[in-house]
Protein chains: 2
Amino acid sequence: MTNLKLDQQLCFAVYSAAHAFTRFYRPLLGALGLTYPQYLVLLVLWERDGQTVSAIGEKLLLDSGTLTPLLKRMEAMGLVTRKRADHDERQVLVHLLPPAMAMKSVAEGFPQQMVAASSCSGEEIDILRRTLVGLREQLDATTAAA
Amino acid sequence: MTNLKLDQQLCFAVYSAAHAFTRFYRPLLGALGLTYPQYLVLLVLWERDGQTVSAIGEKLLLDSGTLTPLLKRMEAMGLVTRKRADHDERQVLVHLLPPAMAMKSVAEGFPQQMVAASSCSGEEIDILRRTLVGLREQLDATTAAA
DNA sequence: CACAATTAAATTGCACGCAATCTAAATGCA
DNA sequence: TGCATTTAGATTGCGTGCAATTTAATTGTG
C-alpha cells in the first residue's frame with residue numbers, strides 16, 4: 001500500500017501545470033523575443049519602472065544568481081538599462097527602454113487568451129490563483145522554519 | 001488600465017507554487033541525494049519497474065533531452081540501470097537498483113509531510129490537484145492546436 | 001529485397017534556478 | 001575614526017527543460 005502514485009501527487013500537478021503555462025506562453029512570447037521569466041520581469045517593471053535587482057527578486061522569488069544574467073540578456077537585447085544607484089553604489093537600478101514599454105500593449109491581450117484556453121470562468125481562475133498563493137505561503141513558511 | 005498586475009496572474013501563482021514545492025522537497029530529497037525531477041522518475045518506476053525512456057517521458061511530460069542526462073546521473077549514482085531492449089535496440093529500459101527501491105519506504109512519509117505543511121485538508125488538496133490537471137490538459141490542448 | 005519513412009535515444013546549445021562563494025559598498029559600534 | 005559586520009550584486013558550478021539536430025534501428029512500401 002502506498003500513497004506515492006504519480007497521479008495523486010499535488011506537487012506533480014503543480015509542476016506539470018507550470019510547464020504547461022510556459023508551453024502555452026512560448027509562441028506568444030516568442031513573437032516578442034521573450035522567455036517566460038523575462039516576461040515576469042517586464043510585468044514587475046510595467047507596474048513600477050526603475051526597481052533594484054533585489055526588489056524584482058523579492059516579487060518574483062528569484063535571487064541574483066538567476067536575475068543578474070537574465071537582466072544582462074535583456075540589456076543586450078535593448079529592453080532595459082542597468083545602472084548603479086547614486087546614493088548606494090551596491091544597488092543596481094533596472095529601467096525599461098522604449099521597446100520593452102511598447103510590448104506592454106501586446107501583452108495586454110495575453111491574460112484573455114489564457115482564460116480562453118483554460119476553459120475556466122474568471123471566478124474559477126481567481127479562486128484557483130488565491131488557493132495557490134495561500135499554498136505557496138504555507139509551504140514557504142514551513143520550509144523557512146526547518 | 002491593465003490586467004497585467006503580477007499578483008493577478010494565475011500563471012505566476014502556478015510558477016511560484018511549483019518553486020515552493022521544490023524548496024519544500026529539497027531538504028527531504030537532499031537527505032537521499034536526489035533532486036526533485038529524479039524523485040519524479042522514481043515515482044514512475046516505483047509504480048512499474050523497467051520502463052523505457054519515452055514511457056517515463058510521457059508520464060512526466062519530459063523529453064529525451066532532459067531525461068537522458070538525468071538518467072545517466074542516476075545510473076552513475078547506482079540508482080538505476082539503463083540497457084537496450086532485446087526486441088528493439090532503439091529503446092532503452094530503465095530498471096531500479098536496490099538503493100532506489102529502499103528509498104521508497106522513506107518517500108512514503110513525504111505526502112503526509114506535505115499535507116501537514118500545506119495546512120489544507122486532504123479533500124482540499126484533492127480538489128486543487130484535479131483542477132490543476134484539468135487546467136494543464138486544457139492549456140496543452142490549446143497549445144497543440146496552434 | 002531495396003530503400004524511403006518513421007521512431008527512440010542521444011547530442012548540442014541555450015536559458016533558467018539556486019546553492020555557495022566572492023567583491024565591493026555601506027553601516028554600526030567601540 | 002577604525003574596523004568588523006552587513007548588505008547588494010556578481011560569479012561559479014551544477015542540474016534541469018526544451019528546441020533542433022543527429023544517429024541508429026525498425027517499419028512500411030513498391
Side-chain angles (χ1 to χ4, degrees), chain A residues 12 15-27 29-30 33-41 51-58 60-77 79-80 82-94 140 143-144, chain B residues 12 15-27 29-30 32-42 51-58 60-77 79-80 82-94 140 143-144:
Chain A
F12 177 66
Y15 167 93
S16 60
H19 290 173
F21 266 111
T22 69
R23 280 191 294 273
F24 175 77
Y25 272 103
R26 185 165 295 117
L29 294 173
L34 295 173
T35 64
Y36 181 70
Q38 291 167 4
Y39 169 63
L40 292 180
V41 168
Q51 299 191 52
T52 63
V53 172
S54 36
I56 296 169
E58 279 172 31
L60 299 181
L61 304 178
L62 296 173
D63 69 5
S64 71
T66 300
L67 285 175
T68 295
L70 186 156
L71 291 168
K72 281 186 176 178
R73 280 187 287 272
M74 293 180 76
E75 184 180 39
M77 289 188 284
L79 296 178
V80 299
R82 295 162 62 247
K83 59 185 263 294
R84 295 280 168 181
D86 291 333
H87 67 288
D88 186 340
E89 296 252 330
R90 291 172 304 180
Q91 301 183 348
V92 168
L93 291 171
V94 183
D140 277 343
T143 304
Chain B
F12 177 66
Y15 166 92
S16 60
H19 289 174
F21 266 112
T22 70
R23 280 192 294 273
F24 175 78
Y25 272 103
R26 194 181 318 278
L29 294 173
L32 299 175
L34 295 173
T35 64
Y36 181 70
Q38 290 167 3
Y39 169 63
L40 292 180
V41 168
L42 291 186
Q51 299 192 53
T52 63
V53 172
S54 36
I56 295 169
E58 279 172 31
L60 299 182
L61 305 178
L62 296 174
D63 68 4
S64 70
T66 300
L67 284 174
T68 295
L70 187 156
L71 291 168
K72 282 186 176 178
R73 281 188 284 272
M74 292 180 77
E75 184 181 40
M77 290 188 282
L79 296 178
V80 300
R82 296 163 60 247
K83 58 186 263 294
R84 295 277 167 183
D86 291 333
H87 67 289
D88 186 340
E89 296 251 331
R90 290 173 304 180
Q91 301 184 346
V92 168
L93 291 171
V94 183
D140 277 343
T143 304

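Sequence lines set the chain letters: A, B, ... in the order given, protein chains first and strands last, and positions in each chain run from 1. All values reported here derive from a predicted model rather than from experimental measurement.
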From CD of Gln91(B) across to P of dA9(C) the rounded distance in Å is 5 Å
Return yes if some donor-acceptor pair links the side-chain N/O of Arg84(A) with the main-chain N/O of Arg90(A) below 3.5 Å, else return no. yes
In Å and rounded to the nearest 0.5 Å, what is the OG1 to CG distance from Thr52(B) to Asp88(B)? 9.5 Å
Roughly, in whole Å, what's the span from CG in Asp63(A) to P in dA20(C)? 12 Å
Looking at every heavy atom in both Arg82(A) and Leu71(A), which two are closest together, and how far apart are they? CD-O, 3.7 Å
For chain B, the stretch of DNA chain D it reaches, first to last nucleotide, under 4.0 Å of its heavy atoms: dG15(D) to dT26(D)
With nearest nucleotide decided by heavy atoms, which residue, Tyr36(A) or His87(A), maps closer to the 5′ end of DNA chain C? Tyr36(A)
Any base atoms under 4.0 Å from Leu93(A), or only sugar-phosphate, or nothing? Heavy atoms, all strands. nothing
What pair of heavy atoms forms the shortest contact from Leu34(B) to Leu42(B), and how long is it? CD1-CD1, 3.6 Å
Take the protein atom CG of Asp88(A) and the nucleotide atom P of dG28(C), then report the distance between them rounded to whole Å. 12 Å
With side chains defined as the heavy atoms from C-beta onward, is the minimum distance between Tyr15(A) and Leu40(B) less than 4.5 Å? yes
Indicate yes or no for a side-chain donor-acceptor contact from Asp63(A) to the backbone of Thr66(A) under 3.5 Å, with no hydrogens or angles considered. yes
Find the distance Leu29(B):CG to dC18(C):C1' and express it as a whole number of Å. 15 Å
Is there side-chain contact between Val41(B) and Met74(B), with at least one heavy-atom pair below 4.5 Å? yes
Check whether any side-chain nitrogen or oxygen of Arg82(B) sits under 4.0 Å from OP1 or OP2 of dA10(C), and answer yes or no. yes
Here the residues of residues 17-26 of chain A within 4.0 Å heavy-atom distance, strictly under, of DNA chain D are His19(A), Arg23(A), Arg26(A)
Can you tell me how far the CD atom of Gln51(A) sits from the CG atom of Leu93(A), to the nearest 0.5 Å? 9.5 Å
Residue pair Arg73(A) / Leu70(A), side-chain heavy-atom distance below 4.5 Å: yes
Rounded to whole Å, how long is the line connecting atom CG of Leu60(A) with atom C1' of dC16(C)? 13 Å
Beyond-backbone contact of Thr22(B) with Arg26(B), side-chain heavy atoms, under 4.5 angstrom: yes
Close side-chain approach of Leu67(A) to Val94(A), heavy-atom, < 4.5 Å: no
Calculate the interatomic distance between Met74(A) atom CE and dC16(C) atom C1'; express it in whole Å. 13 Å
Classify the angle between the aromatic ring planes of Tyr36(A) and Tyr25(A) as parallel (below 30°), tilted (30 to 60°) or perpendicular (above 60°). tilted
d(CD, Glu89(A); P, dA24(C)) in whole Å: 13 Å
Counting any heavy atom closer than 4.0 Å, what does Leu67(B) reach on the DNA or RNA strands: base, sugar-phosphate only, or nothing? nothing
Which part of the nucleic acid, if any, lies within contact of Ile56(B), taking any heavy atom under 4.0 Å across all strands shown: a base, the sugar-phosphate backbone alone, or nothing? nothing
Using a cut-off of under 3.5 Å, enumerate the N/O to N/O pairs linking the protein to nucleotides 11-15 of chain C.
{"from": "dT11(C)", "atom 1": "OP2", "to": "Lys72(B)", "atom 2": "NZ", "distance (Å)": "2.5"}

